[in-house]
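After the structure tokens below, expect a handful of questions from me.
Throughout, residue positions are numbered sequentially from 1 according to the sequence presented. First listed ligand is number 1; within each ligand, the first listed atom is number 1.
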Amino acid sequence: MQENISAPKSEKPEKKKIIFSGIQPTGVMTLGNYLGAVRNWGPLQEEYNCAYSIVNMHAITVRQNPKELRENTIKAYALLLACGIDPKKSIAFIQSHVKTHAELAWVLNCYTQFGELSRMTQFKDKSAKHADNINAGLFTYPSLMAADILLYNTDLVPVGIDQKQHIELARNIAERFNGLYSNTFKVPEPYIPKLGAKIMSLSDPTKKMSKSDENPNSFVAILDSEDTIIKKFKRAVTDSEAEVVYREGKDGINNLMSIYSSVTGKSFEEIEHEFDGRGYGDFKLAVGTAVAEHLRPVREEFARLMDDKAYLEQCYKDGAEKALAISQRMLDKVYKKLGFVL
Ligand code: ATP
Ligand code: LTN
């Protein structure tokens, strides 16, 4: 007998939840960005309505060379598509093309406290790193990020663990606004992967892998050649033991095990077993080879897309149009509640 698995006629189909995330076009995308965030964005398209943005307005909170920023923005967009984001399924756009982001950010700035922004770890880290340019944009960066998220009625924000604090602030801003003006914004949740949420630097495994690190050996860029990837893993800092086991204090090995597990799907136990009695040299080579192999289709698709700038332009223009249509409705609602004459 065939089972009737369709929903009863009276029940409305459940509305898909909404996902929003962004990445800055500051330099090259790293393995950290990929495993912590971007890699998870493609598969989410099947179950959710997704919007993904290249957040170039966030990028200018630290000085950028205009020519490089322009090139990096196109490259970041192409990489997004190469990583599996399908512009027909998701809204994929460049932040500065959609004016509502800056407009809502201003409003939210007026509902965000100085004390809250002062507590942001990213602000403290970046102002220490760029002591000659602690600008107001760097300080209010999280209000723009809150605007990005809140404009789309977002349920979930897939990010690495370092962004959790910013999402908590976005939640607080949304709740504060809702409390003052009645329900307006959906309160978003962070969506952080169990594995890969914080990939560490290869040269100092107590620090996060970051694309703005001056030492290129500290990170693997998604577009690095196979040889470069293997070389970087060979040089990765580990410890003076020779045991491939996941254990507290073995930061370098723990990081390599997380990376290897993320790209092969093997559990830590399986990895420990595979490298039982073998040295770090073998293990590092295996990690490098597996990562290079895993990234090969991304590199190839990226090269293909960069040869078709007209297609990229058509995609980001189309993405911006869709993003504007949705976000303008939210901005109008906010302006009305504030008492702005419409
Ligand atoms: P920068 O070095 O310029 O500050 P970044 O490398 O931190 O940049 P972002 O554009 O700020 O990159 O981050 C994009 C996404 O990648 C975010 O969701 C962030 O949480 C995630 N991410 C960044 N670095 C890592 C990492 N080392 N491990 C896991 N996820 C990461
Ligand atoms: N702040 C994030 C990038 C970012 C973002 C967003 C992430 C800007 N706006 C909205 C998620 C949702 C970062 O530095 N990684």
CZ (Arg63) with more than 12 external heavy atoms under 6.0 Å: no
Nearest option to atom 29 (C) of ligand 1, as decided by whichever heavy atom of Ala197, Pro158, Ala76, Pro193 sits closest: Ala197
Test log, rule side-chain contact (heavy atoms from CB on, under 4.5 Å), inputs Glu241 and Arg247: CA-CA 12 Å; Glu241 302 171 356; Arg247 194 192 303 140; 3.5 Å; yes
Heavy atoms of other groups near Lys333 NZ, more than 12 under 6.0 Å: yes
Identity and separation of the nearest protein heavy atom to atom 20 (O) of ligand 1: Asp162 OD1, 2.5 Å
Any donor-acceptor pair under 3.5 Å from Lys250 side chain to Val244 backbone: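 No; zero donor-acceptor contacts below 3.5 Å.
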Residue Val55 vicinity, atoms of ligand 2 by number, heavy atom under 4.0 Å: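 That gives atoms 8 (C), 9 (N) of ligand 2.
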Counterpart residues, salt bridge (Lys or Arg N to Asp or Glu O under 4.0 Å), relative to Lys186 (two or more places apart):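 Asp155.
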Shortest heavy-atom approach to atom 22 (N) of ligand 1 - which of Asn33, Leu31, Val38: Asn33
Protein residue, atom and distance nearest to atom 2 (O) of ligand 1, heavy-atom basis: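 Of the protein heavy atoms, Ser210 OG, 2.5 Å lies nearest.
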Ser201, Gly32, Ala59, Pro190: member with heavy atom nearest to atom 30 (N) of ligand 1: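 Looking at heavy atoms only, Gly32 sits closest to atom 30 (N) of ligand 1.
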For atom 27 (N) of ligand 1, closest protein heavy-atom neighbour: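 For this ligand atom, the closest protein heavy atom is Ile199 O, 2.8 Å.
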Mutual orientation of the aromatic rings belonging to Tyr77 and Tyr316 [parallel < 30°, tilted 30-60°, perpendicular > 60°]: perpendicular
Donor-acceptor contact present, side-chain Asp224 to main-chain Ala221, <3.5 Å: yes
Subset of ligand 2 atoms that lie under 4.0 Å from at least one heavy atom of Gln24: 14 (O)
N or O contact, Gln163 vs ligand 1, cut-off under 3.5 Å: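 No, there is no polar N/O contact under 3.5 Å.
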Location of contacts on Ile23 toward ligand 2, heavy atoms closer than 4.0 Å: neither
Polar atom proximity, Ser21 to ligand 1 (N or O, under 3.5 Å): no
Protein residue, atom and distance nearest to atom 7 (O) of ligand 1, heavy-atom basis: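 It is Lys208 NZ, 2.6 Å.
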Flag if over 12 foreign heavy atoms under 6.0 Å of OH, Tyr191: no
Which of the ligand 2 atoms, numbered from 1, are nearer than 4.0 Å to a heavy atom of Val157: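 So the answer, numbered in order with elements, is 11 (C), 12 (C).
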For ligand 2, the portion of Ile167 having any non-hydrogen atom under 4.0 Å away: neither
Phe275 and Tyr260 aromatic ring geometry - parallel, tilted or perpendicular at 30°/60° bounds: perpendicular
Lys336, NZ: over 12 other non-hydrogen atoms inside 6.0 angstrom: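 Check fails, neighbour count at 12 or below.
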Taking atom 3 (O) of ligand 1 as the reference point, the nearest protein heavy atom with its distance: Thr26 OG1, 3.3 Å
Any N/O pair Gly160/ligand 1 closer than 3.5 Å: yes
Over 12 foreign heavy atoms within 6.0 Å of NZ, Lys337: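 More than 12 within 6.0 Å, yes.
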Interfacing atoms of ligand 1 (cut-off 4.0 Å, heavy-atom, Ser212): 1 (P), 2 (O), 3 (O)
Exceeds 12 heavy-atom contacts within 6.0 angstrom, atom CD1 of Ile60: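 At most 12 heavy atoms, drawn from other residues, nucleotides or ligands, come within 6.0 Å of this atom.
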Nearest neighbour of atom 4 (O) of ligand 1 from the list Lys211, Gln24, Lys126, Met209, on a heavy-atom basis: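 Nearest heavy atom to atom 4 (O) of ligand 1 lies in Lys126.
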For atom 1 (N) of ligand 2, the protein heavy atom that lies nearest, with its residue and separation: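 Ranked first by proximity to atom 1 (N) of ligand 2 is Tyr141 OH, 2.6 Å.
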Mutual orientation of the aromatic rings belonging to Phe93 and His101 [parallel < 30°, tilted 30-60°, perpendicular > 60°]: tilted
Numbered atoms and elements of ligand 1 in range of Gly196, under 4.0 angstrom, heavy atoms: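 Atoms satisfying the 4.0 Å criterion: 29 (C).
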Ser21 N/O to ligand 2 N/O under 3.5 Å: no
Whether Glu103 side chain and Leu331 backbone form a donor-acceptor pair below 3.5 Å: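 Not at all, since once roles are kept as given, no pair shorter than 3.5 Å links the two residues.
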Other residues, nucleotides, ligands: >12 heavy atoms within 6.0 Å of Lys16 NZ: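 Yes, NZ of Lys16 has more than 12 neighbouring heavy atoms, counting only those of other groups under 6.0 Å.
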Nearest protein heavy atom with distance in Å, relative to atom 9 (N) of ligand 2: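 Protein heavy atom at minimum distance: Asp148 OD2, 2.7 Å.
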Region of Ala37 engaging ligand 1 - heavy atom pairs below 4.0 Å: side chain
Gly36 neighbourhood, listing ligand 1 atoms whose heavy-atom distance to it stays under 4.0 Å: 29 (C), 30 (N)
Sub-4.0 Å heavy-atom approach of Thr30 to ligand 1: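 Flag not set, Thr30 not near ligand 1.
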